[in-house]
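A short write-up of the structure that comes next.
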There are 2 protein chains.
Amino acid sequence: MSANSRLTVAAHTLTWIGLYQRRGHEVATSEQIAASVNTNPVVIRRLLAQLRKAGLTDSRRGVGAGWMLSRNLSAITLLDVYEAVEPGPIFALHRSAPDPECVVGHGIAPAMTAVYDGIEATLRKELAGTTLEDVLQNVLNAT
Amino acid sequence: MSANSRLTVAAHTLTWIGLYQRRGHEVATSEQIAASVNTNPVVIRRLLAQLRKAGLTDSRRGVGAGWMLSRNLSAITLLDVYEAVEPGPIFALHRSAPDPECVVGHGIAPAMTAVYDGIEATLRKELAGTTLEDVLQNVLNAT
DNA sequence: CCATATTGTAACTGTAATGGTTACGATGGC
DNA sequence: GCCATCGTAACCATTACAGTTACAATATGG
């Protein structure tokens with residue numbers, strides 16, 4: 001499908017900040033997070049800016065700058081993160097509209113849309129069932 | 001997500017063949033299908049070749065060549081089609097492995113994998129609940 | 001055994017998404 | 001005013017996707 005890693009990296013990032021704050025630190029820098037994720041700090045800053053727009057994080061500038069969570073890990077579900085970083089749907093319809101004169105060409109888009117809508121709804125329900133606190137606990141139990 | 005249209009086009013294609021056969025025709029050509037889908041016949045042939053590999057279609061060469069279904073529409077679920085045309089998973093893990101020295105970097109992949117596996121399983125269950133006969137009926141009822 | 005319609009497949013192209021990288025101005029506490 | 005860090009634009013390499021051209025392989029009817 002050409003899946004991307006944004007949900008994974010976003011969950012990693014937020015969980016990292018949450019654990020870091022829990023250990024008594026005020027803010028986390030994009031450089032620290034990038035070291036854990038093994039990527040470039042700009043990639044993390046871009047992601048965190050999206051998450052801030054969604055109200056999940058906040059940032060501080062100047063000396064002592066860095067990032068913090070806007071809410072507790074237990075108050076952030078994977079659905080929140082998903083909606084913040086994944087704009088589009090999972091399945092796409094036709095690239096260019098099919099022949100409207102053909103019965104199938106005319107009716108296939110609404111038919112598939114109905115199926116896809118059901119799938120997206122189920123996906124959301126599933127994502128909403130896991131909080132980042134759950135993820136952190138799972139991480140800490142991973143030996 | 002950069003979703004692709006393969007499941008949509010594959011469902012369209014198979015439904016079209018099913019209806020065409022139901023109307024008394026032996027085989028459908030990639031050109032006819034491409035006209036309904038509004039794309040290039042080669043795109044359809046490539047797709048149909050994948051579906052044939054999955055045992056959903058069959059083809060005939062020479063004069064009177066074309067494509068036919070291997071099973072009835074009611075015996076093909078969207079999961080069959082999905083598995084035939086979508087190789088990869090929906091969500092990807094990190095592009096390059098995170099820092100294994102970091103607690104989060106070490107445990108995040110298995111944690112997210114558990115979530116993703118659950119989602120894929122649910123997705124499959126959902127897709128398995130709809131047959132192409134259902135899709136065709138939906139299409140025919142779309143006025 | 002030839003003419004013909006169509007499959008089968010390789011090769012190339014344009015477009016877009018993804019993520020990595022560099023660069024540099026903006027910020028704000030010290 | 002210094003300095004660490006954010007904020008963001010710009011650019012690049014890689015890859016996926018779908019469209020297109022081209023042409024050999026096939027097999028049937030005449």
Side-chain angles (χ1 to χ4, degrees), chain A residues 1-10 12-13 17 20 25-53 57-68 70 85-98, chain B residues 1-10 12-13 17 20 25-53 57-68 70 85-98:
Chain A
M1 169 84 71
S2 112
N4 65 53
S5 61
R6 278 204 292 265
L7 183 57
T8 301
V9 173
H12 184 155
T13 296
I17 299 175
Y20 195 63
H25 302 274
E26 279 274 320
V27 298
T29 70
S30 61
E31 193 161 0
Q32 295 172 314
I33 300 166
S36 171
V37 174
N38 188 17
T39 184
N40 192 293
V42 174
V43 173
I44 300 298
R45 289 207 288 273
R46 274 200 294 237
L47 235 186
L48 281 169
Q50 284 191 273
L51 295 169
R52 181 181 49 203
K53 210 177 298 178
T57 58
D58 216 339
S59 62
R60 205 186 275 171
R61 308 185 69 171
V63 174
W67 298 83
M68 65 207 81
S70 296
V85 302
E86 291 288 359
I90 296 183
F91 297 108
L93 294 180
H94 306 73
R95 224 182 229 207
S96 46
Chain B
M1 168 85 73
S2 108
N4 65 52
S5 62
R6 278 206 292 266
L7 182 57
T8 300
V9 173
H12 184 155
T13 296
I17 300 175
Y20 195 64
H25 301 274
E26 279 274 318
V27 297
T29 70
S30 61
E31 192 159 2
Q32 294 172 313
I33 301 166
S36 170
V37 174
N38 189 17
T39 184
N40 193 291
V42 174
V43 173
I44 300 298
R45 291 207 286 273
R46 275 199 294 237
L47 235 185
L48 281 168
Q50 285 190 271
L51 295 168
R52 181 180 50 204
K53 212 177 294 176
T57 58
D58 216 339
S59 63
R60 205 186 272 172
R61 309 184 66 170
V63 173
W67 298 83
M68 66 207 81
S70 296
V85 302
E86 291 289 357
I90 295 184
F91 297 108
L93 293 181
H94 305 71
R95 223 183 229 204
S96 47

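No experiment lies behind these values; they were computed from the predicted model shown. Protein chains get the first letters and strands the later ones, always in sequence-line order, with residue 1 at the start of each.
From B/Leu47, atom CG reaches atom OG1 of B/Thr13 across 6.0 Å, with rounding to the nearest 0.5 Å. A distance of 9.5 Å separates CD1 of B/Ile17 from OG of B/Ser70, quoted to the nearest 0.5 Å.
Side-chain N/O atoms of B/Arg60 include none lying less than 4.0 angstrom from OP1 or OP2 on C/dT6. At D/dA18, one or more side-chain N or O atoms of B/Ser5 fall inside 4.0 Å of OP1 or OP2 (strictly under the cut-off). Look at A/Ser59 and you won't find any side-chain N or O under 4.0 angstrom from OP1 or OP2 of D/dC6. For D/dG7, one of the phosphate oxygens OP1 or OP2 lies less than 4.0 angstrom from a side-chain nitrogen or oxygen of A/Arg52.
Using cut-offs of 30° and 60° on the angle between ring planes, the pair A/His25 and A/Tyr20 is parallel.
With 3.5 Å as the limit, one finds a donor-acceptor pair spanning the side chains of B/Ser30 and B/Arg45.
Distance CD (A/Gln50) to P (D/dT8): 12 Å, rounded to an integer number of Å. Protein atom CD of B/Glu86 is 11 Å distant from nucleotide atom C1' of D/dC17, rounded to whole Å. The CD-P distance, from B/Glu26 to C/dT6, rounds to 15 Å in whole Å. The nearest whole Å value for the distance from the CG atom in A/Leu51 to the P atom in D/dC6 is 14 Å. When rounded to the nearest whole Å, the span between CD1 of A/Ile44 and P of D/dT8 equals 16 Å.
Picking from C/dA10, D/dC6, C/dT6 the nucleotide with the shortest atom distance to the side chain of B/Ala65 gives C/dT6. Among the nucleotides C/dG28, D/dA22, D/dT28, the one closest to the side chain of A/Val63 is C/dG28. Nearest nucleotide to the A/Val42 side chain, out of D/dA9, D/dA18, D/dA22: D/dA9. When distances run from any side-chain atom of B/Thr29 to the nucleotides D/dT5, D/dA18, C/dT6, the shortest one goes to C/dT6.
Listed here is the closest heavy atom pair of A/Val9 and B/His94: CG2-CD2, 4.4 Å.
Nearest-nucleotide assignment on DNA chain C puts the 5′-proximal partner with B/Gly62, out of B/Gly62 and A/Thr39. Heavy-atom distances to DNA chain C give each of A/Arg45 and B/Glu31 a nearest nucleotide, and the one nearer the 5′ end belongs to B/Glu31.
At a cut-off of 3.5 angstrom, the base of C/dG19 holds no donor-acceptor pair with the side chain of B/Arg95. With hydrogens and angles ignored, a donor-acceptor pair closer than 3.5 Å exists between the side chain of B/Arg61 and the base of C/dT7.
Looking at heavy-atom distances under 4.0 Å, B/Arg46 makes contact with a base. Looking at heavy-atom distances under 4.0 Å, A/Asn4 makes contact with sugar-phosphate atoms alone, never a base.
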